[in-house]
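All heavy atoms count here, side chains included; hydrogens, waters and symmetry mates do not.
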Amino acid sequence: MRSLPRLPLDRPLSGARYSAVELSDAGDAVYLLDQRRLPGEVVYLEARSAAEVARAIRDMVVRGAPAIGVAAAYGVALARREGGLDAALDELASARPTAVNLRWAVARVGAVARRGSLEETREEARALHREDVAACRAMGALGAELLPPRARVLTHCNAGALATGGYGTALGVVRAAWASGRLSHVLADETRPYLQGARLTAWELHEDGVPVELLTDGMAGHFFARGEIDAVIVGADRIAASGDVANKIGTYGLAVLARAHEVPFYVAAPWSTVDLATARGAEIVIEERASDEVTVISGVRVAPEGVRARHPGFDVTPARLVTALVTERGVVRAPDAASLSALALTGARPT
């Protein structure tokens, strides 16, 4: 993949100054902000094949469930252009196992690619991207209404513009709350071992002028005990039919702390993240990533040679610990199988 110093588009579909993923105007390349190099460098990679897009997803160039869904959708458009569609769809869909948006996006755009033209495939991928941005903005407005005035919010990992088509899920709520004057500041967990909170959430909030303070993951309990957290807001990679939530490793511990300190725990995610075909959280495949991502930091080994590390990429938070789920379709308080099934059928906001 070729490196680019800036995004070569005048008007990114994300509507933001920076974008996790975009399709070129000609539709023959996918531009991906290399999130492994933030905050030190802002570099875009140019992928010109579905295989390159799949590798970028596997290698964490792009991450966050909605963003990898958008990237995969554009990968399908490249595959429709280059041929070998079925093999490309399989490679894209299996690039990472936990985020349901990935397979959903490949199936949706892949269906158009099989029956329609190249231009129809590109437009379907772009439509999916536009819908994701609109969903994030809708979630932001709904979620902001849940917060008290001058709210102090804790978030984990990165569920912002970098993790979505634009604007963000959890950080979409943060952005809307800041714009409406309901937010005091954000506490961002660093999110070991990949440091998405330190490198990405802190970067994009700072870039956008939203007050943010960084915590190491082990500090959250201290600030809960001091009464310095009014709400926890996180994103999700998959939500089971039961309302159980798979999100970045460390999320479950925050939900337990929030319950112990009577602090609301909110999950913001697009409806595409809800997987009604998976009955409960225990059935969600949890990605096990490389040991070196824990034992080595920026090329420096921090654990003794020969010591291996466990690295589940995600954990599952039981629905009983979720105060409310915020989707573009509405807010589901105390989500469970009945409420999610009802929302799936009607698409209306529950009262």
Side-chain angles (χ1 to χ4, degrees), residues 1 3 20 32-43 45 54-65 67-68 94-99 102 154-160 162-163 170 186-206 212-225 229 232 234-238 245-258 260 281-282 284-317:
M1 283 183 282
S3 294
L32 302 145
L33 178 56
D34 191 346
Q35 299 186 31
R36 303 167 302 181
R37 297 165 74 167
L38 290 172
E41 296 179 280
V42 178
V43 175
L45 298 182
R55 185 167 76 246
I57 293 170
R58 286 193 301 270
D59 292 348
M60 301 278 280
V61 171
V62 60
R63 28 66 52 205
I68 65 176
S94 62
R96 292 190 69 188
T98 302
L102 179 60
L154 173 67
T155 192
H156 188 69
C157 195
N158 174 261
L162 295 172
V186 177
L187 297 174
D189 270 350
E190 62 176 359
T191 318
R192 280 282 287 145
Y194 221 74
L195 299 174
Q196 294 98 324
R199 295 186 304 103
L200 306 179
T201 292
W203 180 80
E204 67 170 276
L205 291 180
H206 184 66
V212 58
E213 295 176 306
L214 187 64
L215 309 181
T216 68
D217 291 7
M219 293 178 181
H222 170 76
F223 290 101
F224 273 111
I229 299 170
V232 181
V234 300
D237 285 80
R238 187 180 299 221
V245 175
N247 193 49
K248 183 54 57 184
I249 189 73
T251 301
Y252 176 38
L254 293 183
V256 172
L257 283 167
I284 296 173
V285 176
I286 300 298
E287 178 182 3
E288 282 275 352
R289 294 191 60 83
S291 176
D292 282 355
E293 291 182 356
V294 175
T295 59
V296 177
I297 300 177
S298 299
V300 178
R301 176 166 285 277
V302 295
E305 287 282 357
V307 174
R308 290 191 53 77
R310 297 291 304 276
H311 184 189
F314 307 87
D315 56 25
V316 174
T317 298

- So, does Arg96 use its side chain to make a donor-acceptor pair with the main chain of Glu287 at under 3.5 Å? no

- Item | Gln196 vs Met60 side-chain heavy atoms within contact, under 4.5 Å | yes

- Query: Looking at CG of Asp292 and CZ of Arg308, how far apart are the two atoms once the value is rounded to the nearest 0.5 Å?
  - Reply: 8.0 Å

- Query: So do the side chains of Asp315 and Ile286 get within less than 4.5 Å of each other, counting heavy atoms only?
  - Reply: no

- Query: Are Asn158 and Glu204 close enough that a side-chain donor and a side-chain acceptor fall under 3.5 Å?
  - Reply: yes

- Check side chain to side chain contact (heavy atoms under 4.5 Å, CB included) between Glu41 and all other residues, then give those that pass, not counting sequence neighbours. Arg37, Val43

- Item | Min side-chain heavy-atom separation Arg289-Ile249 under 4.5 Å | no

- Item | Validation row: Leu215, Phe223 side chains within 4.5 angstrom (heavy atoms) | yes

- Task: Measure the CD1-CG distance between Ile68 and Asp237 for me, rounded to the nearest 0.5 Å.
- Result: 7.0 Å

- Item | Leu195 side, atom CG; Ile297 side, atom CD1 - distance, nearest 0.5 Å | 6.5 Å

- Query: Do the side chains of Arg310 and Glu288 get nearer than 4.5 Å, heavy atoms only?
  - Reply: yes

- Task: Tell me yes or no: between the side chains of Arg63 and Gln35, is some donor less than 3.5 Å from an acceptor?
- Result: yes

- Query: Arg192: what forms a side chain to side chain donor-acceptor pair (under 3.5 Å) with it, not counting sequence neighbours?
  - Reply: none

- Message: I'd like to check Leu162 versus Trp203 (side-chain heavy atoms, cut-off strictly below 4.5 Å). Are they in contact?
- Response: yes

- Kindly compute the distance separating NE2 (His222) from OG1 (Thr216), expressed to the nearest 0.5 Å. 10.5 Å

- Tyr252 OH: over 12 foreign heavy atoms closer than 6.0 Å: no

- Pairwise distance CG(Leu257) to CD1(Ile229) - rounded to 0.5 angstrom: 8.0 Å

- The reported gap from CG in Leu205 to CD in Glu213 (rounded to nearest 0.5 angstrom) is 12.0 Å

- Look only at the side chain of Ser291 and the backbone of Ala309, and say whether a donor-acceptor pair between them is shorter than 3.5 Å. yes

- Heavy atoms only: give me the nearest Asp189-Asp217 pair and the separation to one decimal. CB-OD1, 3.7 Å

